[in-house]
Amino acid sequence: MSADELQQLEQLIYANVYKALATYQQQQRLAVIQRQQDSTSTVKPQATKRKKQLASKVKRTPHVAAPKPLPQPKPQVTPQPSIPKSYNPIKAAKPLPAPTRAAIKQPPVNQGENARALGNVDQRGRAMLPKHQRDTPIWDLVNKQ
């Protein structure tokens, strides 16, 4: 078989397969449409008949009075915004409360107690010296040999 004959055979097979597929798809579409028409024609009278039956069974409600309007909410009384006062800077400091003042106020310290205070290093060091050297200036104590 030559190349030309092979090509013609392929084209013939392709054309026939294409026609067959097109015909099959068209038949399927027609069958679906026909089924839909058959089902709606058989269902539609039954549905309308049932609808009429239900409509006849429904009792008509007598005329009902118009609904009453909802009560209107009472407006809330809002306090008037206070008028802003002009800026007045504080001229005098407020005094501290009595307990705070009492805590800040320290009792007077005697000279003898001051020598025993741990915070005063100079006086603590003098307390360790003999009594006759406690009142001498530190510089004299350091330079004395």
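What you see is a predicted model; the values in this text were computed from it and never measured. Heavy-atom basis, side chains included; hydrogens, waters and symmetry copies ignored.
- Pro97 meets the side-chain contact (heavy atoms from CB on, under 4.5 Å) test with Pro99, Thr100; sequence neighbours excluded.
- Neither Leu9 nor Tyr18 shares a network with the other; the hydrophobic side chains, linked directly or stepwise wherever heavy atoms of I, L, V, M, F, W or Y lie under 4.5 Å apart, form separate groups for each.
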Sequence neighbours left out, cut at 3.5 Å: what donor-acceptor pairs do the side chains of residues 20-34 make with other protein atoms?
from  : atom 1 : to    : atom 2 : distance (Å)
Thr23 : OG1    : Lys19 : O      : 2.8

